[in-house]
Amino acid sequence: MSATNSEAAISAAGQPFMPRQPREPVVRLGSVTKRYGEVLAIDDVTFSLDAGTVTGFLGPNGAGKTTTLRLLLGLTEPTAGQALVFGRRYRELDQPARRVGAVLESNDFHPGRSGRDHLRMLALAAQIPPRRVEEVLALVEMEAAADRRVRTYSLGMRQRLGLAGALLGEPELLVLDEPTNGLDPAGVRWLRTFLRRYAARGRTVLVASHVLAEVAHAVDRVVIINDGRLVVHAGIDGLTTGGRTLEDAYLELTSGEAR
Ligand SMILES: Nc1ncnc2c1ncn2[C@@H]1O[C@H](COP(=O)(O)OP(=O)(O)OP(=O)(O)O)[C@@H](O)[C@H]1O
Ligand SMILES: [Mg+2]
């Protein structure tokens, strides 16, 4: 660290110089509300995520998880409040592919294109060198199927391809919606280990999932929403004290029914 670094500098009074602003959270939802006509999908939700954390995003069907993720990614606009990544709206980020990678519910693949070509096009659009395509294909263990048309892929293969696309820019934040959907047990284990390692390098993961046992193993924090409202944002350890499983806590805190 150089002597000119302001954080390391010592003030004239001999006290360490502290930056005025605390570090900006990676994700910040401030009083976010989202209405679709009569449906109040998100109701005044506020939470922040710090760098280096893996957060499980839980809630019953229709609770508002995907809507929240879409708001964060600028795919839909809040009716009120702010959904920010790195202190900005997603659309205002420079080089968004290098900051945020996402796999949402509906992967938009051209069925006639090969997995490799799909990734090459994404890389080209985001000014990412083509060799990175080969790296992410290896990372998600999809080299063998890379030249097959996406229409011939199984559900799990599509998930892996989606993840490969999200990882192209080595983003600081990964946003995943039901990523274990369709993955075989080896794939689920691989993903769990991968997410932990990803966050250990100071990156941040927000993962919506219904597979609570898997979530419990992979995350250090949990956000639960129900009926569009924030129910809890807590460390996994605090939620699962005294022999209580994440499933116990979840079912206590939510009705467990689709709206
Ligand atoms: N484009 C839309 N138009 C109208 N209503 C919508 C739209 N998108 C979501 N909703 C509604 O918003 C609510 C939240 O939906 P959302 O998809 O965010 O739930 P979810 O928590 O992701 O559920 P699941 O676990 O089933 O994926 C639901 O009532 C849903 O019907
Ligand atoms: Mg959803």
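All residue numbers refer to positions in the sequence shown, counting from 1. Just follow the structure's listing: the first ligand is 1, and inside any ligand the first atom is 1.
- Between V39 and ligand 1, no pair of N/O atoms sits closer than 3.5 Å.
- Distances below 4.0 Å separate heavy atoms of A41 from the following atoms of ligand 1: 12 (O), 13 (C).
- The atoms of ligand 1 that sit less than 4.0 Å from any heavy atom of T66 are 17 (O), 18 (O), 20 (P), 22 (O), 27 (O).
- Below 3.5 Å of separation, one finds an N or O of T67 facing an N or O of ligand 1.
- The residues R196 and D220 are annotated as salt-bridged, a charged nitrogen and a carboxylate oxygen being separated by less than 4.0 angstrom.
- Between R98 and E170 no salt bridge is recorded (no basic side-chain N to carboxylate O distance below 4.0 Å).
- Atoms of ligand 1 lying under 4.0 Å from at least one heavy atom of G62, given by number and element, are 13 (C), 14 (C), 19 (O), 20 (P), 21 (O), 23 (O), 24 (P), 26 (O), 28 (C).
- Polar contact check, A63 against ligand 1: a nitrogen or oxygen pair lies under 3.5 Å apart.
- Residue contacts with ligand 1 for P60 involve N, CA, C or O but no side-chain atom from C-beta outward (heavy atoms, distance under 4.0 Å).
- Using a cutoff of 4.0 Å between basic side-chain nitrogens and carboxylate oxygens, R203 and E172 are not scored as salt-bridged.
- In this structure, D184 does not pair ionically with R189, as no charged nitrogen and carboxylate oxygen lie closer than 4.0 Å.
- Residue contacts with ligand 1 include H210, since one or more of its heavy atoms lies under 4.0 Å from the ligand.
- Using a 4.0 Å cut-off between charged nitrogen and carboxylate oxygen, R244 and E252 count as a salt-bridge pair.
- Among the atoms of T66, an N, O or S atom is found under 2.8 Å from the Mg ion (ligand 2).
- Checking D248 against T245 by side-chain atom types alone, a donor-acceptor pair falls below 3.5 Å.
- Between the side chains of T66 and D177, a donor-acceptor pair is found at a separation under 3.5 Å.
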